[in-house]
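Presented below is the structure to which this report refers.
Numbered from 1 within each chain, the chains take letters A, B, ... in sequence-line order. All values below come from the heavy atoms of this structure, side chains included, with hydrogens, waters and symmetry mates left out.
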Amino acid sequence: MKERAKQELPKTYEPAAYEDAVYAAWEKSGAFKPASDSRKKADKERRPYSIIMPPPNVTDRLHSGHAIMLALEDALTRYHRKRGFDTLYLPGTDHAAIATAAQVDKQLAADGKTRHDLGRADFEKRTLAFAMENKKIIEDQVRAMGTSCDWSRNAFTLDPPRKAAVAEAFKRLFKKGLIYRGSYMVNWCPTCRTVLADDEVVYKEQEGVLYYMKYGPFTLGTTRPETKVGDTAVAVHPKDKRYAKWVGKEIEVKTINGPRTLRVLADEMVDPEFGTGVVKITPFHDKNDYAVYERRPKEAGPPLEVIGEDGKMTEAAGPKLAGLDRFAARKKMVDWLKHEKLLVKKEVHKHSVGRCYRSDDVIEPRISEQWFLKVSDIKKQAARFARDGDLKFVPQRFEKTYLDWLEKLHDWCISRQVWFGHPVPAYVNAKGEVSLTAKPGFKKSQDTLDTWFSSALWPFSTMGWPKQTAPDFKRFFPNDVLETGYDIIFFWITRMVLMTVALDVKPGAGGGAGKGALKPPFHTAYLHGLVRDQRGRKFSKSLGNGVDPLEMIGKYGADALRWMLVTSSSPGNDLKFDEARLVKSRNFANKIWNISRFVTDTVEGEAGLGDLRAETLTTFDRGILHKLYRTAQTVEAAFHDPAAYDKPGKTPEPATPKKLAKPYDLGFAGNALYEFIWSDFADWYLEAAKVQLRNDEAARNTGIILKYVLETILGLLHPFMPFLTEVIWRDGLGKGASGKGSALITSPWPAVHGDLDQPEDGARFDRIREVIETIRRIRAEHQTPAASFVQAYVVTDEPDWIAAAGDVITKLARVSILRVGQNPPTGEVARAAVGDATVVVPLAGLASDAAAAHLQREVEAKRMEIERFKERLANEDYVENAPEHVVAETKAQLAEAEAALAKLEAS
RNA sequence: GGACUCAUAGCUCAGUUGGCUAGAGCGCCUCAUUGACGUUGAGGAGGUCGUAGGUUCGAAUCCUACUGAGUCCACCA
């Protein structure tokens, strides 16, 4: 009798009809929250598992890169939740200070305005409103993906708890002497009117012009003639004989503002091979020149500011240039040089130009008063984590990227002149002295913090830090896995580790093995590849090639999108977005849907595996159970990270997977599931089951197995396709919300008993499958009408278990009379080898022209096979060096092939 | 300049510690079919694994060089 709660499933799976309601039900039931929120003792004892969501920027809606991130993280989360961990997946968004402000700048520019027209307070207000709008859209998208994150802990990098954490972090770091303020050469974006960190500058190769000009007694090449008015010296290489006599002397130079006197100095920085070997020194506006000035302040200084923060020439540049944009000034200067006959020649010069990663404007290096984080000490510890294995990278090669970057890292400029973000919580007086509290003579800093400063605190600022006693901090820090794209290793991953070290954030009570000792904020950094378009290009707004996940979800369903993204990628490798694969994923969802329809329509009752009658199990029954076992082990292996088991606490079902997949290779696991479900289960077992269900002896077992396998695959598949599996669990099987038991999301991970690991059963299943395939092939080759029947004979030494599957073979291969044994018919027959058995199909009445040719081909193939094995075994080196089991295997193969050949030739 | 990744069927990609005749999906060809599913089923064609060397009994897999595609970092007066 059918369960009352069970519903008839429609013929096709329509994701849109279920997804929103299922998500709402999950959320309402509290399934997304950590079990320990329940206050039950057993739940408190569970081992914690935590992932924080890399907070998407509130500059825009999500794109497919976010979709793969959510799909992978949610899969990990759902697995561990079902495994019995106390699981927290913490969502959030990032205010993305400079990027968001840039968006609003753009909006203003469209109205011909700038932020200065609005004023700081209004600009901030408007930007926050813009941010909040996007935040809402993003959160809806995250929901649409089926992400099982705990919204009650939703965080935003600019909300009050995070503000408090940022301010506290700044103060502590300042007190420790790790944050300092000073005047240094920085990257300045004239459009954003702010300083940028080194890695926010994107270098692009482009063709420029190298202008050769007469310069006093010299000729020198420069790409920036407009800075001539800011020159404070001329430099040559100390060993350059050509210019040796000038070193230390003063020269007179003609400028647009009249003659100037400059000193000639010698410095190693000059490359005698480049240009003419003479360099003009502009310390305020060039990094290298500034370095020369630092080494020789008396000779090369003082720096002269001729380009202002707005990219326009300053008063100091002289009345002819002042107020002009730097590029207009360049043109004017070149015209002047021509006019004065000082321009010797122009040369096309390929060089890379630094541009702002947000505005794309050309970066203007300049000296500026900024805040810095000293990294020389903390970066050593950050590197040690990776070397000691406390911080693992998946794939491992990114460890090198991480270490290389740390090694080259200079002090991090953490201040920005952006009007949106965390204020620098400090006061500065006229002398440049700093106070953390308001004092007479001290003014509040107008700077804001680099947006990555707050992101760097994310693993613990989301957990209640700086309160080390906060329950979440104690329980869930350090996090387990930090999953993100490999493109932000530098921006983010390293900075989280650096901040953890700088602030000495030690694990709380949940730290397990790491308790008391300083640990990285997560034990594993899992890097996924970038999603690209079909031409291999990165998705970008300017190219307009982006794919909106919501649109894809609407068309194919969230499960299909998730499945496509997870199964067509492997860790660290890029993937091309291919809509055809999405179609295939949708079809797979529909396949599972229909498997469920078949099973739930046919099978009644609540009997489980324990009710099987072992003595009447068929080859197919045993085989599918073995294959299910293998598949479950593969899926578990992909999810199994031993590091997640270091913490104290219990998991109800300890994982003991065999090493059938590499940890975090979810794509591999997914493909194994796909293969099992579609091929083994749907194409073969279900077809066999249709026969077995009509057989009184086998029917009961078959029903039990159908249902058991279905239930198990729903569990295995749940991390990948949460909606579909939950709907079938509820509507098809009558469990969960509308029936008895719990929803699939929180019900235990399917336990597949080790007793099912019977490789021999799997092999027999495959053998019978091959027999059927062989008969089908023979039929096709002889143009047997599909509706007709053939006779078939299987020559084998082990007739029993093949004969036992006789009714399935006859049905699936359309065989009228099947015989198994030792005396095959002779005459006009087709023969083919299947392992050490032979399939013989009499051709009487069939188109038999091909019979002889067919047999000939079979025999030839066998002979060549035998030849290969013989050659290998004749090779003494092989026999001596190869492992014994490999040699034994070859011998067995040879014997089998020879037996098969003998049978083929027998008649 | 330094580092990394990729190159396997027409296309998109798997291929685990080196070990059977290198796999899948899509596409293509032939066929089937009204009771789970046409978002389906059966059968088939299609690959000198980028090139050249090397290590090994054995290489798509390890090493070296080269070619091509891409990425990151550094630097460029």
Side-chain angles (χ1 to χ4, degrees), chain A residues 9 11-13 198-199 203 208 210 220-224 227 235 269-271 274-282 286-289 349-353 395 397-398 400-401 404-405 408 486-487 489-490 529-530 532 534 536 538 556 560 567-570 572-576 578 580-581 583-602 637 659-662 665 667-668 671 674-675 679 682-683 686-687 690 772-773 776-777 779-781 783 785-787 812-813 861 864-865 868-869 872 875-883 885-887 889-890 893:
Chain A
L9 302 176
K11 213 166 165 180
T12 323
Y13 175 57
D198 289 343
D199 47 36
Y203 288 90
L210 188 59
L220 59 76
T222 178
T223 52
R224 305 209 57 188
T227 60
M269 167 275 260
V270 182
D271 175 5
F274 189 93
T276 58
V278 184
V279 182
K280 65 192 199 61
I281 300 295
T282 323
D286 184 281
K287 267 187 189 174
N288 285 312
D289 296 359
H349 176 59
K350 241 194 172 171
H351 63 154
S352 50
V353 174
R397 69 181 134 90
F398 287 116
K400 191 171 155 50
T401 313
D404 287 352
W405 189 82
K408 287 178 191 162
Y486 65 75
D487 54 334
I489 294 177
F490 309 121
L530 272 34
R532 296 174 180 279
Q534 265 162 312
K538 222 167 146 170
Y556 302 104
T567 58
S568 49
S569 69
S570 52
N573 296 324
D574 293 352
L575 93 111
K576 283 183 193 154
D578 182 6
R581 272 192 105 117
V583 171
K584 173 187 146 186
S585 302
R586 192 261 328 252
N587 295 356
F588 181 48
N590 193 58
K591 187 76 184 179
I592 297 157
W593 183 257
N594 277 290
I595 289 170
S596 312
R597 284 207 322 139
F598 174 77
V599 174
T600 54
D601 285 356
T602 355
K659 285 181 183 169
L660 297 175
K662 283 184 283 191
D665 200 346
F668 183 87
N671 285 311
Y674 180 93
E675 174 74 17
S679 175
D683 289 346
L686 250 61
E687 294 306 321
K690 287 175 187 171
I772 294 167
E773 284 170 339
R776 283 173 177 168
R777 202 176 315 121
R779 293 175 57 107
E781 279 169 6
Q783 281 107 44
L812 298 190
M864 279 172 66
E865 202 178 304
R868 266 199 312 277
F869 292 139
R872 193 173 304 163
N875 181 345
E876 281 175 32
D877 291 330
Y878 172 72
V879 179
E880 275 170 34
N881 296 317
H885 72 273
V886 174
V887 178
E889 207 181 326
T890 308
Q893 286 166 334

request  = Can you tell me, in whole Å, how much space there is between the C1' of B:rU39 and that of B:rA3?
outcome  = 46 Å
For nucleotides 59-63 of chain B, print each protein N/O atom paired with a nucleotide N/O atom at under 3.5 Å, atom names and distance only.
none

query = What pattern of brackets, bars and dots sums up RNA chain B from 5' to 3', given Watson-Crick or G-U wobble pairs under 3.5 Å, [ ] for crossing pairs and | for another strand?
reply = (((((((..((((.....[...)))).(((((.......))))).....(((((..]....))))))))))))....
query = Reckon A:Leu686 touches a base, only the sugar-phosphate, or nothing at all at heavy-atom distances under 4.0 Å?
reply = base
ask   = Which is true for A:Glu773 with a 4.0 Å heavy-atom rule: it touches a base, it touches only sugar-phosphate, or it touches nothing?
value = sugar-phosphate
request  = Would you give a per-nucleotide map of nucleotides 4-15 of chain B, 5' to 3', where B means the base has a protein non-hydrogen atom under 4.0 Å away, S means only the sugar-phosphate does, and - means neither?
outcome  = SS------BSS-
query = Expressed as a whole number of Å, how far does the C1' atom of B:rA59 sit from that of B:rC75?
reply = 40 Å
key: Parallel, tilted or perpendicular: ring planes of A:Phe588 versus A:Tyr674, cut at 30 and 60 degrees   = tilted
query = With A:Lys408, which residues qualify under salt bridge (Lys or Arg N to Asp or Glu O under 4.0 Å), at least two apart?
reply = none
message = Holding to salt bridge (Lys or Arg N to Asp or Glu O under 4.0 Å), I want the full list of residues that pass it with A:Glu675, two or more places apart in sequence or in another chain.
response = none
task = Can you check whether any acceptor in the base of B:rA36 is under 3.5 Å from a donor in the side chain of A:Lys690, or vice versa?
result = yes
ask   = Taking only residues two or more places apart in sequence or in another chain, which ones pass salt bridge (Lys or Arg N to Asp or Glu O under 4.0 Å) with A:Asp404?
value = A:Lys400
request  = Check if the side chain of A:Lys584 and the base of B:rC26 share a donor-acceptor pair of N or O atoms closer than 3.5 Å.
outcome  = no
message = For the P atoms, the ones on B:rC49 and on B:rU30, what distance do you get once it is rounded to whole angstrom?
response = 31 Å
request  = Could you work out the separation of B:rA45 and B:rC37 based on their C1' atoms and round it to a whole Å?
outcome  = 27 Å
